[in-house]
Amino acid sequence: MKEEEVNRCQIQEWYPRFKSVSIKTQIHELPEPFIQYLLDDSSLFLLPISISNDDALPNRVHKPEEEEDYQISEGSEDDSEPPSPPPSFPELELKIKESIESLGGAVFPKLNWSAPKDSAWISSTGSLRCTNFSEIALLLRSSDSLIHDLCHAYDSCGDKSSSRPPSFFLALRKWYSSIRPEMEFRCFVRGHNLVGISQREVTTFYPLLLEKKNYIERLIQEFYEAIVHRKFGSENYTFDVYVTKDERIKILDFNPWGAFTLPMLFDWEELEETSGEEGKTVDFRIVENRCAVRPGLKTAVPYDYLDVGPGSGWDQFLRSADDEYQRQTRSTEAGA
């Protein structure tokens, strides 16, 4: 893998070309002091001071008597080291506020490649839904998964020359409460040809997908040929799509081929063996019965950036899960 292939998958790189078939998004370049704030783990966890007086946890009950427990009395030994004041990013906050308003009042954030999926638990909604700068800062600062973007984006590149891109961007994507996880799919492109499609939410069996499998496959193939084919710079890559209720296709993301991108219901060895020749049949995989459900991966990093290299703990876990999947499938077929 080359750095240029990873760079093409940054949202600020691909979104302008595919914005007409993607989720409405506003993108802001982040100032370096804000990046250093996200990386700083040497001080207290302080959220930036909001110039709009927004609270990241609006359901909190402020009790002044409890705050007194954290006050340092005069004459204490800590007088020589006063606590650092909370940071403030007024210009960035104003830009983000304007974007949130233009996107309908609620967004979900992501950096160049990753979203802070692992910190959703800390928000007042238990999701990535944000309505103000303070909520976004809370998710970003609490996320371990974003360390991939900040420090390790090029670790799998053979021509690695840097540990981070020159600039970081915050993408604010319009929030849709009606998104159906069963209608998200990962598509695999090899040699500029679509060779595989996989259900993304592999921890659940959705009977509806069995009924619509052939139709969905045709929709995605037609979309790829008309919209994506040879319009994305890489020869090998993956892209994620969402099928809307009115049967339109929306691009959610692009990911590099191999490395930390999860192959979902495939494995990279078999995908590498595909010829990628034009006219070959596309392999479309879904969870076809309850026995074929894959175990959930609840980790502190996004699914797409797990270390699943040969010999890693997740490599062994996924191989065991695949063996169990094959065993249950054979058992189901035998009993049919």
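As the structure is a prediction and not an experimental result, all values here were calculated from the model.
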Undergrad: What's the separation between atom CG in Leu170 and atom CD1 in Ile27, rounded to the nearest 0.5 Å?
TA: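 Reported to 0.5 Å precision, the distance equals 9.5 Å.
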Undergrad: For residues 221-231, pull every pair meeting side chain to side chain donor-acceptor pair (under 3.5 Å), keeping only residues two or more places apart or in separate chains.
TA: Tyr224-His229
Undergrad: Taking atom CZ of Phe239 and atom CZ of Phe232, what is their separation to the nearest 0.5 Å?
TA: 10.5 Å
Undergrad: Cluster partners of Ile51, using ILVMFWY side-chain heavy atoms under 4.5 angstrom, listed by chain and number?
TA: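 Direct or chained contacts put Ile51 with Leu94.
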Undergrad: Establish, for the pair Arg141 and Tyr37, whether the NZ or CZ atom is under 6.0 angstrom from the six-membered ring centre and no further than 45 degrees off its axis.
TA: yes
Undergrad: So, for Ile11 and Lys110, which heavy atoms are closest and what is the spacing to 0.1 Å?
TA: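 Minimum heavy-atom separation between Ile11 and Lys110: CD1-CD, 4.0 Å.
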Undergrad: What residues, two or more places apart in sequence or in another chain, satisfy side-chain contact (heavy atoms from CB on, under 4.5 Å) together with Asn53?
TA: none
Undergrad: Taking only residues two or more places apart in sequence, or in another chain, which ones meet Lys97 in a side-chain contact (heavy atoms from CB on, under 4.5 Å)?
TA: Ser52, Glu101
Undergrad: Which residues pass the ring pair (Phe, Tyr, Trp, His ring centres under 6.0 Å) test with Phe169, not counting sequence neighbours?
TA: none
Undergrad: Taking only Lys NZ, Arg NE, NH1 and NH2, and the carboxylate oxygens of Asp or Glu, determine whether Glu235 and Arg190 approach each other closer than 4.0 Å.
TA: no
Undergrad: For the residue pair Phe89 and Phe34, categorise the inter-ring angle as parallel (less than 30°), tilted (30 to 60°) or perpendicular (more than 60°).
TA: perpendicular
Undergrad: Start with the C-alpha gap between His28 and Ser99, add the side-chain angles, then the distance that decides, and say whether side chain to side chain contact (heavy atoms under 4.5 Å, CB included) holds.
TA: CA-CA 9 Å; His28 300 281; Ser99 290; 2.6 Å; yes
Undergrad: Kindly write out the residues that satisfy side-chain contact (heavy atoms from CB on, under 4.5 Å) with Ser22, not counting sequence neighbours, or none if the list is empty.
TA: Trp14, Tyr15, Arg173
Undergrad: Name all residues meeting the ring pair (Phe, Tyr, Trp, His ring centres under 6.0 Å) criterion together with Phe205; count only those two or more places apart in sequence or in a different chain, and write none if there are none.
TA: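 Ring pair (Phe, Tyr, Trp, His ring centres under 6.0 Å) list for Phe205, sorted by chain: empty.
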Undergrad: How far apart are the closest heavy atoms of Val228 and Tyr237, and which atoms are they?
TA: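 Looking at all heavy atoms of both residues, the closest pair is CG1-OH, 3.4 Å.
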Undergrad: Side chains of Ile220 and Ile249, heavy atoms from C-beta outward: is any pair under 4.5 Å?
TA: yes
Undergrad: Please assess Trp113 against Asn7 for the test side chain to side chain contact (heavy atoms under 4.5 Å, CB included), listing each intermediate value before the final yes or no.
TA: CA-CA 9 Å; Trp113 294 276; Asn7 286 334; 4.2 Å; yes
Undergrad: So do the side chains of Asn255 and Asp253 get within less than 4.5 Å of each other, counting heavy atoms only?
TA: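 Counting from C-beta outward, Asn255 and Asp253 do come under 4.5 Å.
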Undergrad: Got a sec, which pairs hit salt bridge (Lys or Arg N to Asp or Glu O under 4.0 Å) with one end in residues 8-32, sequence neighbours left out?
TA: Glu4-Arg8, Glu32-Arg164
Undergrad: Which atom pairs, donor and acceptor, lie under 3.5 Å between side-chain atoms of residues 206-215 and protein residues at least two apart or in another chain?
TA:
from	atom 1	to	atom 2	distance (Å)
Lys213	NZ	Phe284	O	3.2
Lys213	NZ	Glu288	OE2	3.0
Tyr215	OH	Glu247	OE1	2.6

Undergrad: Considering residues at least two apart in sequence or located in another chain, which fulfil the side-chain contact (heavy atoms from CB on, under 4.5 Å) criterion with Leu252?
TA: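 Partners of Leu252 by the side-chain contact (heavy atoms from CB on, under 4.5 Å) criterion, ordered by chain and then number, come out as Ile23, Glu184, Arg200, Asp240, Tyr242.
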Undergrad: Using salt bridge (charged side-chain N to carboxylate O under 4.0 Å, His left out) as the criterion, list what pairs up with Asp54, not counting sequence neighbours.
TA: none
Undergrad: Quick one: list whatever passes ring pair (Phe, Tyr, Trp, His ring centres under 6.0 Å) with Trp257, sequence neighbours left out.
TA: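 Result, ring pair (Phe, Tyr, Trp, His ring centres under 6.0 Å) vs Trp257: Trp268.
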Undergrad: Less than 3.5 Å apart, any donor N or O on the side chain of Thr204 or Glu182 sitting next to an acceptor on the other?
TA: no
Undergrad: What are the two closest heavy atoms between Ser50 and Glu93, and how far apart are they?
TA: OG-OE2, 2.7 Å
Undergrad: Going by atom types alone, do Ser123 and Glu135 pair a side-chain donor with an acceptor below 3.5 Å?
TA: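 There is no such pair between these side chains.
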